[in-house]
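One structure is given below, encoded as structure tokens.
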Amino acid sequence: MKAITLGPQGLQYTEHPDKRPGQGQVKVRLKTAGLNHRDLFIIAAASATEGAPGPVHPCVLGSDGAGVIEETGEGVNGLAQGMEVIINPCLGWERADEVPVVPDILGYPADGTFAEYVIVPEQNVVPKPAYLSWEEAGVLPLAALTAYRALFTRGNLKRGEHVLIPGIGGGVATFAALMAAAVGARVTVTSRSEAKRVEALQLPVTQVIDSNSRWREEIGNHPVDLILDSVGPATFEQYFEVIKPGGKIVMFGASSGDDLTIPARALFFPQLQVLGTSMGSHEEFTAMLLFMEQHQIHPIMDSVYSLAETPLALQRMERGEQLGNIALRIG
């Protein structure tokens, strides 16, 4: 089968062994897949390891995908050839409160979705929501799951509360903005890019501000209940100027680095909570899909590439040019 692999020769569009599903597995003929920053992190980490461009044994990248069941393995019940499904890329995490040390995610070391076929455990496929196009279904899983857990499981967001999402642009941030607006929250987003700020005005958000501005002045008399942070040290200091006493900062990324300096008194006097989150459980994945369908939320689509054009799609993501999700059309 054709696939995008990372191996000794680096990133390649090539032939990769086509396998059959084993006990409790299903084989999905993919229609679409979605890009995530995780794909870039894996490529960068592989390149930095002893100067090698990639792992010794080529691995298919990609975590998100949707398609049609081609074959089922022994012991699979309730799933059949021809079913249209969406893939939950978070492996082996069933319940929201049973948090793994590090979530196991499709796309490395297990072969992922940048291919014509993928094999996954039967519990990691669910029926594709009929209202979504194939491109929308293919980009939804990882980013929407991360946004859902950050907002509702960890952030406990309620109607009427104010959520701040710094660095609007990627899939998690745009999904979070759509979900928060759907429950009646006030949504403020930031970006350094004027073009992205203009585009973000098309989202159901209350306010769009320049990341380089004085946030306290821009937000004014509407302090924030919840901040979803994927940036880290570049913006963290400003959070304490705009958050309410008792507010929450939920972190799911650190694009500007890992090292934070937190002023202790700014944390304990207003009794703030700083919480971490990453991906989500199968329980939350199912709840997220029901939420999306209930509110008829469609992913924000940035662009669609062919499987062979994956390196171009990754370059667009690496340059930070996208607003929303980047899809690969496979079948």
Side-chain angles (χ1 to χ4, degrees), residues 3-6 10-13 30 32-48 53-54 59-66 87 89-90 105-108 112-115 118 134-147 150 165-178 189-200 202-203 211 228-232 234-235 252-257 278-279 298-330:
I4 297 292
T5 64
L6 182 65
L11 196 68
Q12 288 191 308
Y13 175 59
L30 289 156
T32 52
L35 270 63
N36 291 284
H37 279 91
R38 179 176 187 267
D39 305 311
L40 296 176
F41 299 153
I42 291 169
I43 294 168
S47 300
C59 174
V60 179
L61 294 183
S63 301
D64 287 347
I87 294 166
C90 208
I105 304 166
L106 195 66
Y108 189 82
T113 57
F114 293 174
V118 68
W134 279 113
E135 286 78 11
E136 291 172 331
V139 302
L140 184 142
L142 199 60
L145 176 60
T146 300
I165 307 172
I168 194 69
V172 178
T174 53
F175 275 121
L178 296 174
V189 302
T190 82
S191 177
R192 293 174 298 174
S193 163
E194 183 178 357
K196 284 189 181 181
R197 292 197 301 273
V198 171
E199 290 182 85
Q202 305 305 311
L203 300 175
S211 296
L228 295 195
D229 177 46
S230 65
V231 181
T235 54
F252 65 90
S255 61
S256 64
S278 183
M279 319 310 163
H298 291 265
I300 303 300
M301 300 301 300
D302 175 82
S303 50
V304 180
Y305 292 80
S306 70
L307 183 61
E309 295 173 321
T310 300
L312 295 176
L314 289 166
Q315 288 171 20
R316 178 170 177 79
M317 177 172 281
E318 188 169 26
R319 292 192 297 264
E321 295 173 345
Q322 85 281 7
L323 181 75
N325 301 272
I326 300 175
L328 303 178
R329 185 178 292 120
I330 299 172

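Values in this document were obtained by computation on a predicted structure and should not be read as measured data. Positions are given from 1 along the sequence.
Across all non-hydrogen atoms, the minimal contact from Met301 to Ala327 is CE-CB, 3.8 Å. Nearest approach of Leu11 to Pro311, heavy atoms of both residues: CD2-CG, 4.3 Å. Shown here for Gly107 and Arg38, the closest heavy-atom pair between the two residues is C-NH1, 3.9 Å. Pairing each heavy atom of Gly167 with each of Ala173, the nearest pair is O-CB, 4.1 Å. Closest non-hydrogen pair, Thr174 versus Gly169, comes out as CG2-O, 4.0 Å. Across all their heavy atoms, Pro89 and Ser63 have their closest contact at CB-O, 3.1 Å.
Side-chain contact between Asn325 and Asp302 is absent, with no heavy atoms from C-beta onward closer than 4.5 Å. Ile87 is listed as a side-chain neighbour of Leu30, based on a closest heavy-atom distance under 4.5 Å.
Looking at residues two or more places apart in sequence or on another chain, you find a salt bridge (charged side-chain N to carboxylate O under 4.0 Å, His left out) between Arg197 and Asp210. Listed by chain and residue number, Arg316, Arg319 satisfy the salt bridge (charged side-chain N to carboxylate O under 4.0 Å, His left out) test with Glu321 (two or more places apart in sequence, or in another chain). With sequence neighbours excluded, the residues that form a side-chain contact (heavy atoms from CB on, under 4.5 Å) with Thr310 are Ile4, Phe114, Leu307, Leu314, Leu328. Scanning for salt bridge (charged side-chain N to carboxylate O under 4.0 Å, His left out) contacts around Glu199 gives an empty result, with sequence neighbours left out. Applying the side-chain contact (heavy atoms from CB on, under 4.5 Å) test to Thr32 and every residue at least two apart in sequence or in another chain returns Ala66, Trp134, Glu135. Ser278 pairs by the side-chain contact (heavy atoms from CB on, under 4.5 Å) definition with Pro103, not counting sequence neighbours.
Of the possible polar contacts, none joining the Lys196 side chain to the Thr190 backbone as a donor-acceptor pair under 3.5 Å is found. Remark: side-chain polar atoms of Ser230 are not paired, donor with acceptor, to backbone N or O of Phe252 under 3.5 angstrom. With hydrogens and angles ignored, the 3.5 Å screen pairs no side-chain donor or acceptor of Asn36 with any backbone N or O of Asp39.
Expressed to the nearest 0.5 Å, how far CD1 of Ile300 lies from CG of Leu178 amounts to 4.5 Å. Going from atom OG of Ser303 over to atom CD1 of Ile326 covers 4.5 Å, rounded to the nearest 0.5 Å. To the nearest 0.5 Å, atoms CG (Asp64) and CG (Leu140) are separated by 7.5 Å. Interatomic distance, CE of Met279 versus CD1 of Ile105, reported as 3.5 Å (0.5 Å rounding). One finds the OG atom of Ser211 at 10.0 Å from the CD1 atom of Ile168 (value rounded to the nearest 0.5 Å). Taking CG of Leu106 as the reference point, atom CG of Leu142 lies at 9.5 Å (rounded to 0.5 Å).
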>> Go through it in stages, so that I can follow the logic: the residues are Leu228 and Val172, the test is side-chain contact (heavy atoms from CB on, under 4.5 Å), and I'd like the CA-CA distance, side-chain angles, deciding distance and then a yes or no.
In response: CA-CA 10 Å; Leu228 295 195; Val172 178; 6.0 Å; no
